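Below is one structure; the comments refer to it alone.
Convention: sequence-line order gives letters A, B, ...; per-chain numbering from 1. Please read all numbers here as calculations on a predicted model, not as lab measurements.
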Amino acid sequence: MISEQLVDLSRLQFAATAMYHFLFVPLTIGMVWILVIMESVYVMTGKVIWKDMTRFWGKLFGINFALGVTTGITLEFQFGTNWAYYSHYVGDIFGAPLAIEGLMAFFLESTMIGLFFFGWDRLSKTQHLMVTLLMAVGTNLSALWILIANGWMQNPVGSEFSYLTMRMEMTDFWAVVFNPDAQAKFVHTVSAGYATGAMFVLSISSWYLLKKRDVEFAKRSFRVAAAFGLASVMSVIVLGDESGYTVGEAQQTKMAALEAMWETKPAPAGLTLIASINEAEQKNNWEVEIPWVMGLIGTRSISKEIPGIHDIKAKNRERILRGIVAVNALDALRANRDDAVAKLVFERHKADLGFGLLLKKYVVDVNTASSEIIERAVNDTVPRVTPMFWAFRAMVGLGFAMLLLFGLAFWSTLKSACIQKPWLLKAALWMLPAPWIACELGWFVAEYGRQPWTIYGVLPTHLSVSTLSVNSLYGSLAGFIGFYTVLLVVEMYLMVKFARMGPGSLGTGRYDQEPSDHAASAHA
Amino acid sequence: MNFSDKTLVKKLTVVLVLKLAVLMALWWVFVREQHVAVDENSVAAQFLAPVSTKAQESKQ
């Protein structure tokens, strides 16, 4: 059997690198569209301040891109190094969107980023705008293909298991592409990225306004960020609701865990706002509930029930028992591929094969699993409720706090009064980390909530890992965390340095705090 | 390109080169020697053992 320590370390390594990676990604996804908006205004109006805005915010965008690029590549390598069984089992499907992302989106994005920075004096205004637009398209296409891959892990459509090759094989590429989970995750995630980019620009602009420097530049940046941020955060909330609906359809355990819904409630179920969760006794000591809301979000109806954890576990117990039959039939087929009876039995039960494999965490031969072992495997099918419940609420709470902030910021720009409201500017400055925290919490809910599966309902996590040495995992984990922390510190240092310099760093002579070389040449 | 831009490009170039070097070093030290060859038989052995093994033994 695979050691639990090995599984935990592999999970921790992937989670740590993914979470570091996603500190860089949402800013890239969001800021690129802000650059498109600013440059479009420049092309339409010819006002040079908009070009300066594009160049200045583009510089901060470039720092983030340079520091962030390759932090995601280690994740793709980890599929091969740490998750070799996973890669064999589902590589036929999972590898396709990742390959398309590299060839189509990342190459487009990287090429256009080069042209964006070095093309200002070589391209016409319109050509440069097209480059910025293509850079944005490339960035978002990149997110699309990654989230198609991730969406398939959450809801494995368009594929089936082959006992001949012992792997999942793709049966319908377009079902994988148009997987409702992937599409809902894509729009929700990129909207969160847009909100992150908007918050970044809003916060730094607020700082300039508080310091009363580069006021015209900062006011325009503030206005763009407020409008774009308000639209983005509204999209995040609406599309998050859609994402909740797809989770309710495809991942009932995740839905029940993040709602701390132990019992199936009569339709339409209420939304639990807060609760005192008692995991030991599998109940809530008390809860505050809003009637109907969960039923509407999770089922889009007032008549459909949302199953509670106890009912889900009862169903999963049945599935584990059928899974044992599937494992035995598969075993017989491996011994004799022409065994017609085994083939028939396997076809009938193969949907539950993954549930049978859950027992492999505790026993070498699934047929020897006692009722106690089966019970442990049943309990494994639902992730821990407390972290899911509170992480989700913290994410939603931050989303609504950002909605309020962007709403107030947008309202104040309509009144041209943002500069007269220091409390608003301070709030915008202090809210800077909010979208990053919300994004990380969102990924936690999505991925921790998928446990105990790497591929939901198909492949258990403990069977996905490579049989590496624990020492090498400790070493590489420490190496990754140390290295990524250094990258983060360098990013913060460069961001703070160039944000402090402000648009004066462009050396145009039009802004406060021009660099000394420009001042010197102007003096000469 | 002004002075601050040139400094930034220099710093980012150093960061990128260091990044590639550190990633390569991490791979060299911790991953290079760790070969995990996976094929249908090893998956069967991992997922189905020991029943599979017994069946193959009895077949032989």
Is chain B contacted by the side chain of [X], its backbone, both, or neither, given a heavy-atom distance below 4.5 Å?
X	value
A:Y85	both
A:Y86	neither
A:L459	side chain
A:L494	side chain
A:S87	neither
A:F77	neither
A:I73	neither

So which of A:L67, A:T74, A:V486 has the biggest tally of heavy-atom pairs under 4.5 Å with chain B?
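Most pairs with chain B among the choices: A:L67.
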
For the candidates A:K497, A:R167, A:H88, which exhibits the highest count of non-hydrogen atom pairs separated by less than 4.5 Å from chain B?
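Max contact count across the listed options: A:H88.
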
Tell me if a side-chain donor or acceptor on B:K11 pairs with a main-chain N or O of A:V490 at a distance below 3.5 Å.
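Such a contact is absent between B:K11 side chain and A:V490 backbone.
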
Under 4.5 Å from any heavy atom of chain A - which part of B:V43:
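Contact with chain A involves both backbone and side-chain atoms of B:V43.
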
Could you tell me which portion of B:T13 (side chain, backbone, both or neither) has an atom closer than 4.5 angstrom to a non-hydrogen atom of chain A?
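Neither; nothing under 4.5 Å.
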
Does any non-hydrogen side-chain atom of [Y] lie less than 4.5 Å from one of [X]?
X	Y	result
B:L12	A:F65	no
A:F480	B:L23	yes
A:L357	B:Q46	no
A:V366	B:L48	no

Highest number of heavy-atom pairs under 4.5 Å with chain A: which of B:V38, B:V29, B:L18, B:V15?
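Option with the greatest count: B:V38.
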
Ignoring hydrogens, what is the shortest heavy-atom contact between A:R337 and B:E40? Give both atom names and the distance.
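That closest heavy-atom pairing would be NH2-OE1, 3.2 Å.
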
Please name the pair of heavy atoms, one in B:A44 and one in A:R334, separated by the smallest distance, quoted to 0.1 Å.
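Shortest heavy-atom separation between B:A44 and A:R334 comes out as CB-NE, 3.7 Å.
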
Gap separating the CG atom of B:L8 from the CZ atom of A:F498, nearest 0.5 angstrom
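Separation between the atoms: 4.0 Å.
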
